[in-house]
Amino acid sequence: MIKSALIHPQLLGALAACGHKSQLLIADANYAVTTNARKDATVVYLNLAPGMIPAPLVLEKILTCINVEQAALMTAPADYPHAPTDEYRRLLPDGCPVAYLEREQFYAEVKSERTALIIATGEQRRFANLLLTVAPVF
């Protein structure tokens, strides 16, 4: 029996396959995984129902397994303050750079060859997509 904060078999296997500079996307429930992701990326569906499982909880558990070098968020409209940005910043390692990418630039990054894993969540807040770059193990 696995003794860790993360026990999802497919997710553990996909994380183990990621290496330094691999990217993984924690996608909100609004993200079009089939059309805005690399076609051969592993997709793990954790979107059981609206609101389940929230993206910050997924990030919290992912961080028990990998180191993160940097993160990127999709730029939200100025009048849309409901993305979980502050929650992500609290969870990410101190000093982790967080970039903001325009929608099409964000999609292009997710479609890049570096993106190995997409995690579909039930996160209902818009603009809650978080693209992580895996750091080396220290």
Side-chain angles (χ1 to χ4, degrees):
M1 195 69 198
I2 295 173
K3 284 177 54 176
S4 72
L6 187 62
I7 61 171
H8 191 283
Q10 184 187 15
L11 190 50
L12 285 169
L15 288 170
C18 289
H20 180 217
K21 298 291 184 185
S22 293
Q23 295 182 151
L24 62 100
L25 173 67
I26 299 174
D28 66 30
N30 301 296
Y31 196 88
V33 171
T34 57
T35 57
N36 285 313
R38 186 174 147 221
K39 297 300 178 203
D40 56 347
T42 299
V43 179
V44 175
Y45 293 96
L46 298 180
N47 49 351
L48 177 65
M52 297 175 66
I53 297 173
L57 178 58
V58 172
L59 175 60
E60 179 184 332
K61 299 307 175 190
I62 293 295
L63 291 174
T64 67
C65 297
I66 65 166
N67 293 322
V68 174
E69 184 171 290
Q70 63 186 12
L73 290 159
M74 187 182 293
T75 301
D79 62 345
Y80 194 83
H82 303 295
T85 307
D86 291 339
E87 291 172 68
Y88 291 155
R89 286 188 178 276
R90 278 192 297 277
L91 292 167
L92 288 166
D94 289 338
C96 179
V98 178
Y100 289 87
L101 307 175
E102 294 299 326
R103 182 185 305 261
E104 294 307 317
Q105 184 183 7
F106 190 89
Y107 290 154
E109 266 307 301
V110 175
K111 291 178 183 177
S112 81
E113 290 298 314
R114 292 186 316 274
T115 303
L117 173 60
I118 312 291
I119 305 166
T121 72
E123 179 63 58
Q124 292 182 289
R125 291 173 284 186
R126 294 175 54 219
F127 302 100
N129 304 300
L130 181 65
L131 186 63
L132 303 173
T133 301
V134 178
V137 177
F138 300 121

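Keep in mind that what you see is a predicted model, and the values were worked out from it rather than measured.
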Original post:
Can you name the closest pair of heavy atoms from C96 and A71 and give their distance?
Top reply: SG-N, 4.1 Å
**OP:** With sequence neighbours excluded, give me every ring pair (Phe, Tyr, Trp, His ring centres under 6.0 Å) pair touching residues 50-79.
**Re:** none
Ignoring hydrogens and angles, write down the donor-acceptor pairs under 3.5 Å from the side chains of residues 41-65, residues two or more places apart or on other chains.
unit_1: T64; atom_1: OG1; unit_2: K61; atom_2: O; d: 2.5

Subject >> Inter-residue atom distance L132.CG - I26.CD1, 0.5 Å rounding >> reply: 5.0 Å
Original post:
Looking at side-chain heavy atoms only, is the closest gap between N36 and V110 below 4.5 Å?
Top reply: no
Original post:
Is there a donor-acceptor contact under 3.5 Å from the side chain of K111 to the main chain of F106?
Top reply: no
Original post:
Residues two or more places apart in sequence or in another chain: which of them pass ring pair (Phe, Tyr, Trp, His ring centres under 6.0 Å) with Y107?
Top reply: Y31
Original post:
Under the side-chain contact (heavy atoms from CB on, under 4.5 Å) criterion, do V33 and L25 qualify, and how do the steps go?
Top reply: CA-CA 10 Å; V33 171; L25 173 67; over 6 Å; no
Original post:
In terms of hydrophobic clusters joined by side-chain contacts under 4.5 Å, are L92 and M74 together?
Top reply: no
Original post:
Between V68 and A135, which heavy-atom pair has the shortest distance, and what is it?
Top reply: C-CB, 3.7 Å
Original post:
Can you find a pair of side-chain heavy atoms, one from R38 and one from R114, that are under 4.5 Å apart?
Top reply: no
Subject >> Steps toward side-chain contact (heavy atoms from CB on, under 4.5 Å) verdict (T85, V98) >> reply: CA-CA 10 Å; T85 307; V98 178; 5.8 Å; no
**OP:** Determine, stepwise, if the pair R125 / E87 fulfils side-chain contact (heavy atoms from CB on, under 4.5 Å).
**Re:** CA-CA 12 Å; R125 291 173 284 186; E87 291 172 68; 2.5 Å; yes
Original post:
Checking D28 side chain against F127 main chain: does a donor-acceptor pair fall under 3.5 Å?
Top reply: yes
Original post:
Would you call V134 and N67 a side-chain contact if the rule is heavy atoms closer than 4.5 Å?
Top reply: no
**OP:** To the nearest 0.5 Å, tell me how far L12 CG sits from Q10 CD.
**Re:** 10.5 Å
Original post:
Would you find a donor on one side and an acceptor on the other, under 3.5 Å apart, between the side chain of E123 and the backbone of A128?
Top reply: no
Original post:
Same cluster for Y88 and Y100 if Ile/Leu/Val/Met/Phe/Trp/Tyr side chains link at under 4.5 Å?
Top reply: yes
Original post:
How long is the span from the CD1 atom in I66 to the CG atom in L24, to the nearest 0.5 Å?
Top reply: 4.5 Å
**OP:** Hey, could you give me the OG/CG distance between S112 and L131, rounded to the nearest 0.5 Å?
**Re:** 7.5 Å
Original post:
Are L11 and L117 close enough, and set up right, to give a side-chain contact (heavy atoms from CB on, under 4.5 Å), and what steps lead you there?
Top reply: CA-CA 9 Å; L11 190 50; L117 173 60; 3.9 Å; yes
